[in-house]
> 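Dumping the structure here so I can ask a few things about it.
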Amino acid sequence: MTEPLPTTDLKQLSEDALSALQVLDTSDPGAVEKWRVEFLGRNGRLTTVLRGLGALPAEQRREAGAAANSLKEQLEQRLEEKRTQTLAAQAARAESLDISLPGRRMRRGRLHPSTQIIREICSAFNEMGFQTVEGPEVEWERYNFDLLNIPRDHPARDKWDTIWIEQPESRRPPDGQRILLRTHTSPMQGRVMERQQPPVRVIVPGKCYRFEATDATHEWQFHQVEGLVVDEGVTFADLKGTLYEFARRIFGANRRVRFRCDFFPFVEPGVDMSIDCFGCDGKGCRICKNSGWIEIMGAGMVHPKVLAAVGYDTARYTGFAFGMGPERIAMLRYGIEDIRHFFSNDLRFLSQF
Ligand code: DAH
């Protein structure tokens with residue numbers, strides 16, 4: 001029987017140990033320990049070789065023993081070297097981190113200016129007892145027009161340039177109702193009244209769309225905030241008092257308001273409301289185009305036909321409604337000159353708010 005020569009074993013062992021050391025992550029104590037156990041440990045490969053020496057003739061034993069011991073020393077030394085190298089590399093990396101450099105600024109997100117003004121408007125009304133409700137942007141013409149006293153084929157519909165949604169013939173309901181992108185938030189009047197009896201006191205923020213060429217004051221998409229109050233004994237004085245209080249909250253405590261006749265099919269009488277210019281206190285400036293007044297919304301007493309259409313008792317109940325464009329209000333307040341900024345997603349504009 002021929003024993004393998006211990007020196008051959010040692011050579012192989014040395015190669016194995018060194019190549020394992022080369023890829024060893026010496027900053028990981030677990031990995032280092034594993035390496036040590038495998039090659040230098042009490043049951044490791046080197047010890048196994050040393051134990052086998054007893055069987056050798058004395059001369060060879062001494063030689064092989066010396067070789068094994070020197071290999072042990074060599075491996076331990078190489079491990080130490082490798083450790084030092086790793087530490088040095090780490091230190092070098094740490095030095096390249098200049099902690100005196102100013103940090104990179106984190107960009108903070110914020111709410112869209114439309115959202116900010118909408119929330120402000122709604123909370124002004126919430127504090128006066130209005131409940132916020134929302135409705136669909138894709139709407140039946142019944143709610144957008146019919147229930148609001150704007151009959152089909154009536155010229156009043158021209159006021160709202162409508163984006164219609166095509167429906168295949170087979171999907172059209174039997175009553176011929178068509179669908180559209182709502183042109184205002186007023187359709188929520190019918191939706192709210194249909195499902196509850198008075199008292200009604202709601203505020204309705206939402207997105208609207210119109211088939212419209214865009215310019216500095218017209219967008220094909222924009223927001224509106226609608227309000228509706230219906231109860232026994234609601235009068236025009238309630239409308240004035242509520243909207244006056246709103247204007248003071250949003251535009252400042254000294255505001256005066258002015259109501260002028262206007263026409264909307266769903267109110268009678270209908271008005272538009274202006275505030276005296278907060279830029280010049282009514283003296284005349286760029287914001288108010290020298291008139292001293294700024295128009296901020298449409299409003300009126302809910303038309304009895306609108307109340308009747310949802311089955312309300314018009315002998316018992318009256319109400320008022322109003323609608324405004326929050327983008328327009330934000331433009332006035334912040335001196336924004338072009339409504340198209342709101343939906344162009346330009347951070348130079350958005351990050352000002
Ligand atoms: N819906 C109207 C529009 O889009 C705005 C409006 C006017 C709403 C008078 C109202 C109102 O509720 O009473 O032009």
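All ligand and atom numbering here is 1-based and tracks the order in the structure.
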> Hey, is Gln189 touching ligand 1 through its side chain, its backbone, both or neither, going by heavy atoms under 4.0 Å?
side chain

> Can you pull out the closest protein heavy atom to atom 13 (O) of ligand 1? Residue, atom name and distance to 0.1 Å, please.
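Nearest protein contact, heavy atoms only, for atom 13 (O) of ligand 1 is Ala321 O, 3.1 Å.
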
> Quick one: does ligand 1 sit under 4.0 Å from the side chain of Phe266, the backbone, both or neither, non-hydrogen atoms only?
side chain

> Is the distance from the ring center of Phe125 to that of Phe322 below 6.0 Å?
yes

> Is there a polar contact, in the sense of an N or O pair closer than 3.5 Å, between Arg210 and ligand 1?
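Yes, there is a polar N/O contact under 3.5 Å.
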
> Could you tell me whether Arg83 and Glu80 make a salt bridge, using a distance below 4.0 angstrom between a side-chain N and a carboxylate O?
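Counted as a salt bridge, because a side-chain N and a carboxylate O are separated by less than 4.0 Å.
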
> May I ask you to say whether Asp146 pairs ionically with Arg157, meaning some side-chain N is under 4.0 Å from a carboxylate O?
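Looking at Asp146 and Arg157, the cut-off is met.
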
> Tell me which one of Glu226, His223, Lys207, Glu137 satisfies side chain to side chain donor-acceptor pair (under 3.5 Å) with Thr185.
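The residue from Glu226, His223, Lys207, Glu137 that satisfies side chain to side chain donor-acceptor pair (under 3.5 Å) with Thr185 turns out to be Glu226.
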
> To the nearest 0.1 Å, how far is atom 12 (O) of ligand 1 from its closest protein heavy atom, and which atom is that?
Glu226 OE2, 2.7 Å

> Is it the case that ligand 1 has an N or O less than 3.5 angstrom from some N or O of Lys159?
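Min N/O separation from ligand 1 is not below 3.5 Å for Lys159.
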
> Could you see which bit of Glu268 sits under 4.0 Å from ligand 1, with heavy atoms only: side chain, backbone, both or neither?
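None of Glu268 does.
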
> Relative to the heavy atoms of Val267, which atoms of ligand 1 are at a distance of less than 4.0 Å?
13 (O)

> Just by distance, with hydrogens left out, do Gln352 and Tyr334 show a side-chain donor and acceptor under 3.5 Å apart?
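Note: Gln352 and Tyr334 side chains miss the donor-acceptor criterion.
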
> Show, in sequence, the C-alpha distance, side-chain angles and deciding distance for Arg316 and Glu232, and conclude whether the salt bridge (Lys or Arg N to Asp or Glu O under 4.0 Å) test is met.
CA-CA 6 Å; Arg316 187 166 167 204; Glu232 283 180 39; 2.8 Å; yes

> Hey, do the aromatic rings of Phe320 and Phe236 have their centres closer than 6.0 Å?
no

> With backbone taken as N, CA, C and O and side chain as the heavy atoms from C-beta onward, which portion of Gln224 lies under 4.0 Å from ligand 1: side chain, backbone, both, or neither?
side chain

> Please say yes or no: joined through hydrophobic side-chain contacts below 4.5 Å, possibly via intermediate residues, are Val234 and Phe259 part of one cluster?
yes

> Would you mind listing which atoms of ligand 1 come within a distance below 4.0 Å of any non-hydrogen atom of Trp160?
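Answer for ligand 1: 3 (C), 4 (O), 14 (O).
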
> For ligand 1, which atoms have a heavy atom of Ser186 less than 4.0 angstrom away?
1 (N), 8 (C)

> For Gly300, counting its heavy atoms only, list the atoms of ligand 1 lying under 4.0 Å from any of them.
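Near Gly300, meaning under 4.0 Å from one of its heavy atoms, ligand 1 has 13 (O).
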
